[in-house]
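Data first, discussion second: the structure below is written as structure tokens.
Treat the numbers as computed from the prediction; the structure is a model and nothing was measured. One-based numbering, in listed order, for ligands and for the atoms of each.
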Amino acid sequence: MELAQAARSQWKSRLGAVLAAAGSAVGLGNIWKFPYLVGANGGAAFVLLYLAFVLLIGIPLIMTEFVVGRKTTRNPVGAFRELAPGTAWVIPGISGVVAGFLILSFYSVVAGWVLRYAVTSLLGALSGLNPEGAAALFTEFIGGTWAPLFWHLLFMALTVYIVAAGVQEGIEKWSKILMPGLFILVIILVIRSLTLPGSHPGIAYYLQPDFSALTGKSVLAALGQMFFSLSLGMGCMITYGSYISRQDSLVKTAGQVGLIDTLVALLAGLVIFPAAFAFGIEPGAGPGLVFITLPAIFAQMPLGQFFACLFFLLLAIAALTSSISLLETVVAYFVDEKDWGRRQTAVVWGGLAFLAGIPSALSQGAVNLTVFGLSFLDAVDYLTSNILLPLGGLLTALFVGWRMRQEDVLAEALQGGGMTTGMAQVWYFLVRTIAPLAIGLIFANAIGLF
Ligand code: TRP
């Protein structure tokens with residue numbers, strides 16, 4: 001009964017809500033995915049586009065999901081059901097649960113790589129690696145059979161354990177203690193990277209935009225990354241919003257979450273690109289980019305192995321607070337809507353997500369598993385980030401903008417303060433008009449309609 005309607009959990013404070021939602025947002029999306037996408041899509045122009053999406057669509061949509069969640073204090077499916085009973089509007093809720101499950105399946109695989117790097121660095125295997133050595137180590141490891149499966153299993157087991165333990169004891173505690181540690185370590189790495197000889201072309205690549213490098217595909221990739229990194233479009237923030245107290249400001253919480261997440265991603269780029277250029281690593285190297293660049297940076301630091309171990313450990317924990325939020329969304333649905341027990345639901349759906357992740361884990365060399373020319377892992381990532389999440393976000397925006405009553409929406413948005421009525425009107429306009437239009441146009445463009 002821990003999460004049943006009567007005794008539903010709530011964050012203990014607004015700081016708790018910010019850190020928990022930021023814990024969901026900050027993860028592999030910031031440190032693994034953002035730098036490699038920037039590198040694959042031509043550098044600074046992609047970064048600028050990403051920032052514009054965060055401001056105009058991302059933060060307003062966090063706020064939107066919070067409004068839906070807190071107004072109903074339900075899981076995503078239950079929330080849409082309560083607001084529009086008996087209509088097709090449960091679709092964004094359902095698609096969110098499906099997307100959460102699919103993301104969790106491959107997320108745990110990559111987080112498993114991180115765990116294995118934490119342990120490997122402890123054992124000294126990363127010490128003194130040159131960039132070629134780091135690349136060879138990475139390719140050999142992810143191309144294996146049993147090792148990637150083992151680390152995937154271990155990471156999923158940790159996720160299940162924490163979700164089974166419940167909201168406050170689990171998520172809030174972890175997020176509060178460990179996020180600042182990761183942040184400090186990233187700053188140390190930025191300094192080391194920027195002071196490497198030969199790093200300056202990397203700064204230019206990262207910060208001086210060349211818009212001719214942008215294609216329709218990179219615009220969709222920037223949009224998808226914004227959704228992925230901010231944990232948007234699958235109801236994750238609806239679930240988290242449902243735990244926010246009515247005394248707390250939604251807009252402040254949404255703004256701070258967006259800010260923290262974006263800052264961490266930007267700093268991660270400032271670690272990777274100067275170093276990649278200094279070491280002669282190709283910025284478009286793809287999903288292995290950070291796993292190759294980081295060990296090369298650690299090799300150039302005093303106490304490098306210690307820092308490497310600490311960094312990968314903290315990154316694994318940041319990934320854990322994100323994977324928790326993915327599983328939590330799935331679990332909240334079955335607990336609230338189907339009356340399943342919390343523990344059993346966490347074990348069953350975590351177990352299924354482990355199984356669903358096996359093809360992703362093996363698609364990196366062990367077996368030849370490609371879909372539309374992408375590895376299975378990248379294909380599931382593409383399907384969720386670039387299609388399901390933006391679609392979920394589009395439907396949520398349309399729902400809040402056009403289906404819910406304007407007075408109700410604005411009242412909930414303003415409840416708890418932090419915003420003038422004028423600001424609320426601007427937000428409402430962004431949600432009702434700009435966000436759906438932008439997402440629609442980007443989709444149309446990506447499938448070649450123009
Ligand atoms: N945002 C997380 C990251 O950047 C991943 C994540 C957690 C997520 N929950 C989500 C992505 C919900 C999309 C939707 O690593």
Side-chain angles (χ1 to χ4, degrees), residues 19-38 50 53-54 57-59 61-62 64-66 69 75-76 92-93 95-114 155-156 159 162-163 171 174-175 179 182 186 221-241 254 257-258 260-269 287 290 314-333 353 357 380-393 396:
L19 289 178
S24 163
V26 174
L28 299 175
N30 308 63
I31 293 189
W32 163 67
K33 221 177 144 188
F34 180 74
Y36 101 67
L37 285 179
V38 172
Y50 177 81
F53 287 161
V54 168
I57 308 177
I59 294 175
L61 280 188
I62 301 182
T64 306
E65 292 202 12
F66 280 173
N75 68 86
S95 106
V97 175
V98 174
F101 176 80
L102 290 176
I103 294 173
L104 180 61
S105 76
F106 76 84
Y107 200 84
S108 167
V109 171
V110 179
W113 302 348
V114 174
F155 186 82
M156 192 67 83
T159 304
I162 295 172
V163 171
I171 308 173
W174 286 96
S175 308
M179 298 266 301
L182 181 66
V186 170
L223 182 78
Q225 170 61 10
M226 182 277 281
F227 274 94
F228 185 89
S229 192
L230 293 178
S231 301
L232 278 177
M234 61 149 281
C236 203
M237 293 298 172
I238 296 183
T239 309
Y240 277 37
V257 171
I260 293 172
D261 187 73
T262 305
L263 199 61
V264 176
L266 288 176
L267 288 173
V290 290
L314 289 174
L315 180 56
I317 290 162
L320 200 56
T321 55
S322 303
S323 63
I324 288 166
S325 75
L326 290 163
L327 185 58
E328 175 65 32
T329 305
V330 179
V331 167
Y333 165 68
V380 183
D381 185 4
Y382 189 94
L383 167 73
T384 47
S385 302
N386 293 2
I387 299 172
L388 286 182
L389 297 179
L391 213 56
T396 308

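Side chain of W32 to main chain of V110: no donor-acceptor pair is present (N/O by atom type, distance under 3.5 Å, no hydrogens or angles).
Side-chain atoms of T239 and N75 include no donor-acceptor pair closer than 3.5 Å. Side-chain N/O atoms of S24 and S231 include a donor and acceptor closer than 3.5 Å.
The shortest distance between side-chain heavy atoms of I57 and M226 falls below 4.5 Å.
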Legend entry - Verdict with supporting geometry, F34 and Y50, ring-ring contact (aromatic ring centres under 6.0 Å, His included): CA-CA 10 Å; F34 180 74; Y50 177 81; 5.1 Å; yes
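Remark: A111 engages L28, F155, A319 in a side-chain contact (heavy atoms from CB on, under 4.5 Å) (not counting sequence neighbours).
Residue-level contacts of ligand 1 at the 4.0 Å heavy-atom threshold are S24, A25, G27, L28, G29, N30, I103, Y107, F228, S229, S231, M234, C236, S322, S325, L326, L389.
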